[in-house]
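Here is the structure we will look at.
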Amino acid sequence: MNPSFSPLGDQAIVIELGNEINEQTEQLVKKVSALLESRKPAWMVEFIPAFTTVTVFYDPCIATYDNVRTELTELLTHLGEDRAVESRTVEIPVCYGGEFGPDLELVAQHNGLTPREVIDIHTSGDYSVNMIGFAPGFPFLRGMSERIAAPRRDSPRLRIPERTVGIAGMQTGVYPIETPGGWQLIGRTPLRLFLPENSIPSLLRAGDKVIFKEISEDDYCAWEEHPDVENP
Amino acid sequence: MLKILKSGLQTTVQDLGRTGFQKYGVIASGAMDPFAHRLANLLVGNNEQAATLEITLVGPAIQFTEDALIAVCGGDLSPKVDGSTVRTWQTLAVRKGNTLTFGEPRVGARCYLAIAGGINVQKVMDSRSTYLRAGIGGFQGRALEKGDELPVGQASLQQKVLQHSEKGFDWLLPPARYFEEPVIRMMPGRQFDLFDEASKARIFQEAFAVSPNSDRMGYRLEGPCLALETPAELISEAVAFGSVQVPGDGNPIVLLADRQTTGGYPKIGQVASVDLPLISQLKQGQQLRFKKISMADAQQRWIEQEQSIRQIKAAIQLKWEEWT
């Protein structure tokens with residue numbers, strides 16, 4: 001691996017670890033993040049991992065860009081040394097269709113499928129979290145079948161309730177907080193993805209495996225009434 | 001305690017932002033004009049991180065339930081205590097029952113009210129900043145409303161002596177210079193070279209106006225249309241306070257305090273950190289121009305600013321010792 005560096009303004013440096021989204025780059029991003037997390041250089045303020053980059057914010061009063069670049073280059077030579085981070089599997093229960101998934105029918109029609117088939121395909125995929133971004137705890141997921149792909153809505157909805165599961169193009173995801181958005185909505189999970197009271201406020205992390213599991217409306221309601229039991 | 005008698009346009013609790021949680025998609029938030037926020041805190045003997053109220057264009061009416069030491073820094077929104085005009089960038093002693101009001105926004109768009117002891121709302125993810133969209137942090141996760149009562153932290157002994165003092169405060173900081181039509185220093189952005197020749201020239205030559213569709217998340221600018229040499233799909237990556245991104249419609253957006261953590265639009269520039277307050281203090285319709293600065297230069301200006309803040313801090317400390 002030959003990472004390249006470039007500035008993002010006067011207080012951040014971007015480490016580029018690849019130029020396309022793939023599993024290998026994703027692993028590198030994860031490893032670099034883990035390394036930064038464990039070494040915590042004195043000049044580091046925080047870092048943001050993305051698909052192919054890790055951006056490190058630093059305090060220029062402690063280290064200038066050149067110092068930071070030199071130290072990061074050195075640091076990255078230790079990349080293989082830290083143990084590989086285990087990946088977790090998180091199951092996300094979803095109540096599909098109805099009031100929770102008003103666009104399920106539309107996604108089915110668009111692909112010449114029945115709503116039942118859309119649910120079966122959505123729940124049978126092996127997903128992994130590329131990165132967290134866009135909204136707190138929002139996972140960009142890789143691995144959705146193109147058989148249920150559907151274009152974004154022409155005019156975005158002004159309010160999408162939190163915990164709604166949607167599809168946009170080849171992507172599927174879950175809205176952690178209420179937000180406007182153009183995704184096609186197929187269901188909702190009782191699981192909270194954004195946990196502001198926790199030291200790690202996101203249920204999901206980059207690299208996690210995700211499984212969607214269908215639940216009934218009754219299960220959904222029962223879960224919502226007793227969130228503490230099920231929510232880790 | 002601070003009693004809110006009138007809310008103002010958008011008054012929120014802010015500090016220097018939520019650091020360390022952007023990797024979970026949690027936006028930074030924090031003061032739009034961090035320089036004014038920090039100096040307001042220093043003037044009342046707080047640390048720079050203490051929470052202040054960010055007051056926007058139309059100010060609130062705030063009653064103090066105890067004697068207090070306050071400072072208002074940033075834009076001049078015509079602050080008054082019990083009807084008498086008071087100065088910005090100065091330590092002020094207010095009495096129990098006094099009311100702080102605001103009038104015409106004369107200079108700038110927002111100001112910061114610091115109070116000795118700081119606004120003592122619960123920290124969420126290590127910060128007291130209000131994150132409006134998620135409804136967390138600050139006071140109940142929202143902008144202030146009439147009837148709200150904000151807790152104030154414990155003032156230090158020195159702060160207490162001063163707030164009961166009858167002596168006036170006869171000195172003030174030189175106000176930050178906010179300009180009617182500022183020239184903002186900007187570094188070329190990560191995707192600068194993807195823009196066509198005309199755009200690369202025009203961004204540093206022509207004037208842009210702040211669109212009405214601007215808020216704490218970002219300022220949308222109107223001016224010459226900017227375009228890429230050839231259309232490109234970019235892979236989302238981190239953005240920063242002051243990133244200037246250009247969506248498909250060709251109008252740049254300067255990302256500010258409530259920006260998302262990542263973005264996929266090409267970034268034509270990155271505003272020098274020292275000039276961020278100049279942008280944050282612009283009102284809708286005002287114009288700005290960009291001037292090129294190198295990263296090394298921008299970093300040097302920042303280091304100089306931090307040195308001068310340390311000097312101001314030391315000078316204020318000396319004054320305090322004189323008084324108490």
Side-chain angles (χ1 to χ4, degrees), chain A residues 6-14 16 18-21 25 33 36-37 44-57 59-62 64-66 130-140 162 176-180 193-206, chain B residues 17-28 124-126 131 133-137 141 185-190 234-244 260-264 267 269-276 293-307 309-310:
Chain A
S6 57
L8 172 65
D10 50 29
Q11 304 195 8
I13 182 168
V14 183
E16 273 192 275
N19 44 28
E20 58 177 42
I21 301 176
T25 308
S33 302
L36 291 169
E37 198 85 69
M44 185 169 81
V45 177
E46 65 178 314
F47 65 91
I48 303 180
F51 293 110
T52 57
T53 54
V54 177
T55 301
V56 184
F57 293 78
D59 180 348
C61 293
I62 303 178
T64 62
Y65 178 78
D66 289 336
N130 275 134
M131 65 175 255
I132 303 289
F134 166 67
F138 181 91
F140 285 88
E162 60 173 40
I177 58 171
E178 184 185 293
T179 160
L193 274 74
F194 177 44
L195 310 156
E197 66 282 6
N198 289 6
S199 60
I200 295 179
S202 176
L203 175 70
L204 298 172
R205 275 162 255 170
Chain B
R18 212 154 257 123
T19 304
F21 295 91
Q22 290 199 85
K23 57 174 167 288
Y24 305 118
V26 177
I27 67 169
V124 179
M125 285 175 271
D126 222 20
Y131 179 176
R133 178 153 281 169
I136 59 163
R185 287 167 291 185
M186 182 173 86
M187 292 154 269
R190 291 229 328 131
L234 298 176
I235 299 173
S236 283
E237 60 178 33
V239 296
F241 199 167
S243 290
V244 183
Q260 290 177 4
T261 56
T262 54
K267 296 182 277 293
Q270 178 72 37
V271 174
S273 298
V274 282
D275 281 353
L276 287 170
I293 186 173
S294 72
M295 194 269 300
D297 253 7
Q299 213 154 59
Q300 193 50 39
R301 299 282 167 274
W302 177 263
I303 292 166
E304 284 163 16
Q305 175 198 282
E306 293 306 294
Q307 279 163 352
I309 290 178
R310 276 201 296 278

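Letters A, B, ... mirror the listed sequences (proteins, then strands); counts begin at 1. Computed over heavy atoms, backbone and side chain alike; hydrogens, waters and symmetry mates excluded. Predicted model only: the values in this text are computed from it and were never measured.
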Top of [options] for chain B proximity - count of heavy-atom pairs under 4.5 angstrom:
options                      : answer
A/T55, A/I48, A/V45, A/T179  : A/I48
A/F140, A/F47, A/F138, A/F57 : A/F47
A/I21, A/L204, A/I200        : A/I200
A/C61, A/P176, A/A206        : A/C61

What part of [X] lies closer than 4.5 angstrom to a heavy atom of chain B: side chain, backbone, both or neither?
X      : result
A/E162 : neither
A/T64  : both
A/E178 : backbone
A/I132 : both
A/N19  : backbone
A/M44  : neither
A/A135 : backbone
A/S199 : backbone

So which heavy atom on [X] is nearest to which on [Y], and how close?
X      : Y      : value
A/P136 : B/V26  : CB-CG2, 3.8 Å
A/G9   : B/M295 : O-CG, 3.6 Å
B/R190 : A/L8   : CG-CD1, 4.4 Å

Quiz item: Where the side chain of B/Q299 meets the backbone of A/Y65, is there a donor-acceptor pair that is under 3.5 Å apart?
Solution: yes
Quiz prompt | Polar contact flag, side-chain donor to acceptor under 3.5 angstrom, A/T53-B/E237 | solution = no
Self-check item: chain A contact via B/I303 - side chain, backbone, both or neither, heavy atoms under 4.5 Å
Solution: both
Self-check item: Contact origin within B/S294 toward chain A - heavy atom pairs under 4.5 Å
Solution: neither
Exercise. Check the pair B/Y24, A/N198 against side chain to side chain contact (heavy atoms under 4.5 Å, CB included), reporting the backbone distance first and the verdict last.
Key: CA-CA 12 Å; B/Y24 305 118; A/N198 289 6; over 6 Å; no
Quiz item: Which value, rounded to the nearest 0.5 Å, describes the distance between B/S236 atom OG and A/F134 atom CZ?
Solution: 10.5 Å
Practice problem: Please determine which of A/M131, A/R205, A/E37 meets the side chain to side chain contact (heavy atoms under 4.5 Å, CB included) test together with B/K23. | Solution: A/E37
Exercise. Evaluate the criterion side chain to side chain contact (heavy atoms under 4.5 Å, CB included) for residue pair A/F51 and B/T262; output intermediate values, then yes/no.
Key: CA-CA 10 Å; A/F51 293 110; B/T262 54; over 6 Å; no
